[in-house]
Number of protein chains: 2
Amino acid sequence: MSGYRLWYWPTLQGRGEFVRLALEAGGIAYEDSARVHGVEAMLADMAAHAPFAPFAPPYLVAEGRAVAQVADILLYLGDRHGLAPGDDAMRYGLHQLQLTVADFVAEAHNVHHPVAAMAYYEEQKPEAARAAAQFRDERIPKFLDHFEAATRAVAGEWVAGGRWSYVDTSLFQVVAGLRYAFPRRMATLAPHYPGLVALHDRVAALPGVTAYLASERRLPFSEEGIFRHYPELDGD
Amino acid sequence: MSGYRLWYWPTLQGRGEFVRLALEAGGIAYEDSARVHGVEAMLADMAAHAPFAPFAPPYLVAEGRAVAQVADILLYLGDRHGLAPGDDAMRYGLHQLQLTVADFVAEAHNVHHPVAAMAYYEEQKPEAARAAAQFRDERIPKFLDHFEAATRAVAGEWVAGGRWSYVDTSLFQVVAGLRYAFPRRMATLAPHYPGLVALHDRVAALPGVTAYLASERRLPFSEEGIFRHYPELDGD
């Protein structure tokens with residue numbers, strides 16, 4: 001195998017998808033290692049990394065060294081493969097946006113697991129219904145307002161200006177995930193976010209992303225990941 | 001004013017405390033700006049920053065430029081003031097740990113706001129009791145196991161080895177916050193985490209931190225921040 005090993009749960013998009021999309025868009029060789037070697041191999045590998053073992057997947061291994069946490073992985077890939085501008089102000093600015101994406105992802109997961117992250121959705125459905133109402137009505141618009149502003153902040157087709165960065169591929173996934181999980185809510189909201197919708201489409205048209213989305217490497221959305229479609233949690 | 005402006009809610013430790021501690025430990029000049037100029041000034045200032053306005057406080061302003069998100073601020077300060085080793089592997093590794101601290105902080109906040117982050121604790125007490133049980137029994141030990149391992153990963157008194165970094169000041173705050181919010185649970189758990197407890201004490205003994213903790217600049221823990229002491233959410 002040449003290139004990177006990406007270790008993540010092999011049956012779901014989840015947080016790993018933000019890394020997969022950046023690698024695929026950048027044409028960077030990687031192995032989706034748990035899909036090849038299995039989950040037991042991942043858990044054994046994860047515990048073996050020094051000095052700081054990952055807390056959880058996803059993590060990326062290159063030359064025997066592991067980098068974990070989605071935003072840290074993307075910072076690392078950005079530095080090494082030009083997936084983010086070298087200019088310092090833009091570099092910290094993009095990372096800041098990625099960390100806000102991470103906060104949004106955590107809130108999106110919390111909707112279906114509000115009181116017990118380690119238990120099943122079915123064990124917390126009334127609480128999830130309450131969490132979903134606030135998420136739909138207040139949190140989605142608040143975050144999308146922020147991301148929409150980011151698409152307009154710099155002249156050019158991409159968040160950073162003239163070329164795509166890992167923040168663009170991440171915002172693609174935010175839009176795609178919300179459309180899957182909250183189709184009714186997104187039908188109402190999408191017209192208010194033309195910049196984000198256009199950015200989503202531009203990312204989907206990147207050759208690496210187009211090829212990826214058409215391949216079996218792109219796992220389907222499902223009720224295992226971050227963005228889950230439970231119709232009872234959706235609403236206009 | 002010389003040095004940085006740190007903007008954060010003026011009456012609570014919250015997420016801002018992770019930045020305050022690193023600045024104080026490093027002897028870096030800053031103004032805790034909302035305590036001087038007020039919250040309205042903060043909200044006006046926050047909206048004015050380009051290209052990417054902060055999503056929320058805390059954020060740091062230097063030479064007119066804002067950096068937001070605690071982990072991004074600490075990365076930035078680490079790079080500029082030697083609050084983290086320059087070695088690349090350690091640099092990404094420390095950032096990875098800081099992002100896991102951020103995950104833990106989000107979970108700690110979620111305990112008292114499981115179903116509605118924008119509403120009051122008093123409106124979600126039964127749900128909070130359920131969230132707290134899992135947090136105490138499963139999540140605190142899982143994270144502290146991880147952080148304890150980090151204190152033993154590299155030879156030397158600090159997480160990065162021979163000198164303190166922003167991860168050390170952050171882990172100090174994790175221990176201090178848990179002791180405040182969950183005193184009964186921490187009385188049970190602390191003996192299992194001697195590395196973390198010793199690290200907490202070493203950070204408290206750093207001259208900049210000792211002076212800070214004794215000053216009025218250190219706000220008290222309270223039921224406004226991340227780590228809140230609600231006796232009904234604690235347990236052995």
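Excluded from the calculations below are hydrogen atoms, water molecules and symmetry mates; all remaining heavy atoms, backbone and side chain alike, are included. Everything numeric in this text was worked out from a predicted model, so none of it was measured.
Per-residue heavy-atom pair counts under 4.5 Å with chain A were compared for Gly93(B), Ala56(B), Ala68(B), and the maximum is reached by Ala68(B). When Val70(A), Val67(A), Asp103(A) are compared by the number of non-hydrogen pairs under 4.5 Å with chain B, Asp103(A) comes out ahead. Taking Asp145(A), Val154(A), Leu97(A) one by one and counting their heavy-atom pairs under 4.5 Å with chain B, the maximum is reached by Leu97(A). Counting heavy-atom pairs closer than 4.5 Å to chain B, the top-ranked of the candidates Pro114(A), Ala119(A), Ala150(A), Ala66(A) is Pro114(A). Heavy-atom pairs under 4.5 Å with chain B peak, among Lys142(A), Glu138(A), His113(A), Glu107(A), at Lys142(A).
For a heavy-atom cut-off of 4.5 Å, chain B lies close to Pro51(A) in residues 43-51 of chain A.
For Glu123(B), the parts sitting under 4.5 Å from any heavy atom of chain A are the backbone and the side chain alike. If you measure heavy-atom distances from Ala116(B) to chain A, the contacts under 4.5 Å come from both the backbone and the side chain. For Ala53(B), the part lying under 4.5 angstrom from a heavy atom of chain A is the backbone only. Heavy-atom distances place both the backbone and the side chain of Gln96(B) under 4.5 Å from chain A. Neither the backbone nor the side chain of Gln98(B) comes within contact range of chain A; no heavy atoms are under 4.5 Å apart. Residue Phe143(B) touches chain A through both its backbone and its side chain, counting heavy-atom pairs closer than 4.5 Å. Neither the backbone nor the side chain of Ile73(B) has a heavy atom closer than 4.5 Å to any heavy atom of chain A. For Arg65(B), the part lying near chain A is the side chain, with the backbone staying farther off; criterion is any non-hydrogen pair under 4.5 Å.
Remark: Phe172(B) engages His200(B) in a ring pair (Phe, Tyr, Trp, His ring centres under 6.0 Å) (not counting sequence neighbours). With sequence neighbours left out, the ring pair (Phe, Tyr, Trp, His ring centres under 6.0 Å) criterion links Phe18(A) to no other residue.
Within 6.0 Å of CD on Glu232(A) lie more than 12 heavy atoms contributed by other residues, nucleotides or ligands.
Thr100(A) places none of its side-chain heavy atoms less than 4.5 Å from the side chain of Phe52(B). Here the side chains of Leu75(B) and His95(A) are in contact, with some heavy-atom distance below 4.5 Å.
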* To do: Using the side chain to side chain contact (heavy atoms under 4.5 Å, CB included) rule, take Glu127(A) and Gln124(B) through it: C-alpha gap first, then chi angles, then the decisive distance, then the call.
  => CA-CA 10 Å; Glu127(A) 296 90 344; Gln124(B) 45 199 311; over 6 Å; no
Show every donor-acceptor pair shorter than 3.5 Å between a side-chain atom in residues 79-89 of chain B and any protein atom, with sequence neighbours excluded, or say none if there are none.
| from | atom 1 | to | atom 2 | distance (Å) |
| --- | --- | --- | --- | --- |
| Asp79(B) | OD1 | Arg91(B) | NE | 2.7 |
| Asp79(B) | OD1 | Arg91(B) | NH2 | 3.4 |
| Asp79(B) | OD2 | Tyr92(A) | OH | 2.4 |
| Asp79(B) | OD2 | Arg91(B) | NH2 | 3.0 |
| Arg80(B) | NH1 | Tyr92(A) | OH | 3.1 |
| Arg80(B) | NH2 | Asp88(A) | OD2 | 2.3 |
| His81(B) | NE2 | Tyr4(B) | OH | 2.6 |
| Asp87(B) | OD2 | Met90(B) | N | 3.0 |
| Asp88(B) | OD2 | Arg80(A) | NH2 | 2.3 |

